Amino acid sequence: MFADLGYEKTSVRSIADLSEVDPSLVLYFFGSKENLFHEAVVQALQFMVPPHSVFADGPHHIAERLLQHVMSLWETPSSRDTLTAILRSSMSHHMATCELSAFFEGHLLPQFRDTIRMPNPELRSCLVSSHLAGLTLMRYVVPVKPLASMEVPQIISSVAPTLRHYILGEL
């Protein structure tokens with residue numbers, strides 16, 4: 001429901017109605033709409049955590065593997081809807097912004113730090129994350145051609161060198 005209506009237009013009552021439960025039951029389990037939103041975002045972000053195989057063979061193949069992971073999530077209609085909702089919510093709701101930021105800091109940054117062992121892992125992780133956010137925004141949320149119509153392998157081969165520079169290059 002948050003995905004369809006956004007945070008502001010979604011009410012506890014509408015969630016309860018959709019779930020066919022009393023609104024007091026939703027409040028009993030979550031305490032507030034904000035807590036429910038928090039749980040929904042945290043749960044949705046869990047499947048975005050890159051598998052260890054993305055980082056398994058060292059830093060030289062992270063760019064391609066990370067792109068493949070991200071693109072496969074966005075190419076799947078059910079996860080695309082969830083990711084679109086998270087990205088849109090993060091632009092308009094402070095709590096979603098904090099959740100997304102915490103996700104990158106808590107999951108992607110530690111994996112980068114442990115794998116690449118290069119100076120400025122925080123900056124490198126932020127550069128990679130910002131590039132991926134822009135890529136997915138321009139391809140899936142606000143589709144802009146030619147990016148929106150490119151084949152995934154072409155996107156990976158086009159974008160990987162830039163991500164590889166962020167990961168291994170001199171900054």
Side-chain angles (χ1 to χ4, degrees), residues 2-3 6-7 34 37-171:
F2 289 118
Y7 180 83
E34 230 177 52
F37 182 76
H38 165 80
E39 290 301 321
V41 171
V42 167
Q43 186 177 37
L45 287 174
Q46 292 309 309
F47 75 93
M48 285 182 54
V49 175
H52 293 291
S53 61
V54 167
F55 300 92
D57 291 333
H60 296 284
H61 302 287
I62 292 173
E64 291 84 356
R65 289 181 180 164
L66 186 58
L67 277 164
Q68 184 61 50
H69 171 70
V70 169
M71 298 303 290
S72 69
L73 291 174
W74 280 91
E75 288 293 315
T76 305
S78 60
S79 60
R80 183 183 318 127
D81 292 344
T82 301
L83 293 167
T84 299
I86 292 170
L87 200 53
R88 283 184 177 149
S89 294
S90 71
M91 292 182 203
S92 62
H93 188 263
H94 179 70
M95 187 172 177
T97 304
C98 293
E99 295 294 345
L100 197 54
S101 178
F103 168 77
F104 286 117
E105 291 171 0
H107 293 284
L108 200 53
L109 177 58
Q111 288 177 309
F112 264 80
R113 188 181 306 124
D114 295 345
T115 304
I116 64 169
R117 303 197 189 286
M118 296 285 289
N120 303 311
E122 292 86 359
L123 175 59
R124 292 172 190 281
S125 177
C126 285
L127 289 170
V128 169
S129 297
S130 68
H131 203 101
L132 292 173
L135 169 68
T136 55
L137 180 72
M138 298 299 284
R139 178 172 170 84
Y140 300 103
V141 181
V142 183
V144 176
K145 290 186 179 182
L147 183 60
S149 59
M150 287 173 69
E151 295 294 324
V152 170
Q154 185 183 7
I155 293 171
I156 292 172
S157 66
S158 298
V159 175
T162 301
L163 296 189
R164 198 174 306 107
H165 174 77
Y166 293 156
I167 295 166
L168 297 169
E170 190 166 329
L171 301 178

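Everything numeric here is computed off the predicted structure, so don't read it as measured data.
- Atom CD in Glu105 sits 10.0 Å away from atom CG in Leu100 (nearest 0.5 Å).
- Of the inter-residue distances, the one linking Arg124 atom CZ with Leu109 atom CG reads 12.5 Å to the nearest 0.5 angstrom.
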Walk me through whether Met71 and Val159 qualify under side chain to side chain contact (heavy atoms under 4.5 Å, CB included). CA-CA 12 Å; Met71 298 303 290; Val159 175; over 6 Å; no
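- Taking CD of Glu75 as the start and CD of Gln68 as the end, the distance is 9.5 Å to the nearest 0.5 Å.
- For the atom pair CD (Gln111) and CD1 (Ile116), the distance works out to 12.0 Å, reported to the nearest 0.5 Å.
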Acceptor/donor pairs from residues 142-158 side chains to any protein atom, 3.5 angstrom cut, sequence neighbours excluded:
unit_1	atom_1	unit_2	atom_2	d
Ser149	OG	Pro146	O	3.1
Ser157	OG	Pro153	O	3.3
Ser157	OG	Gln154	O	3.1
Ser158	OG	Gln154	O	2.8

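- Taking Glu39 as the reference, nothing meets the salt bridge (charged side-chain N to carboxylate O under 4.0 Å, His left out) condition, with sequence neighbours excluded.
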Sequence neighbours left out, cut at 3.5 Å: what donor-acceptor pairs do the side chains of residues 44-63 make with other protein atoms?
unit_1	atom_1	unit_2	atom_2	d
Gln46	NE2	Val42	O	3.3
Asp57	OD2	Arg65	NH1	3.2
Asp57	OD2	Arg65	NH2	2.8

Criterion side chain to side chain contact (heavy atoms under 4.5 Å, CB included) on Leu132 and Leu66, from CA distance to verdict: CA-CA 9 Å; Leu132 292 173; Leu66 186 58; 3.9 Å; yes
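- One N or O on the side chain of Ser90 and one on the backbone of Leu87 form a donor-acceptor pair closer than 3.5 Å.
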Pair Thr82, Leu73 - check side chain to side chain contact (heavy atoms under 4.5 Å, CB included), show working. CA-CA 10 Å; Thr82 301; Leu73 291 174; over 6 Å; no
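- In this structure, the separation between CG on Leu135 and OH on Tyr140 is 7.0 Å, given to the nearest 0.5 Å.
- Of all heavy-atom pairs spanning Met118 and Leu168, the tightest one is CE-O, 3.1 Å.
- Side-chain atoms of Arg80 do not come within 3.5 Å of backbone N or O of Val141 as any donor-acceptor pair.
- Summarising the geometry of Phe104 relative to Pro110, their closest heavy-atom pair is O-CD, 4.5 Å, with the distance given to 0.1 Å.
- Of all the heavy atoms in Trp74 and Ser79, the pair that sits closest is N-OG, 4.5 Å.
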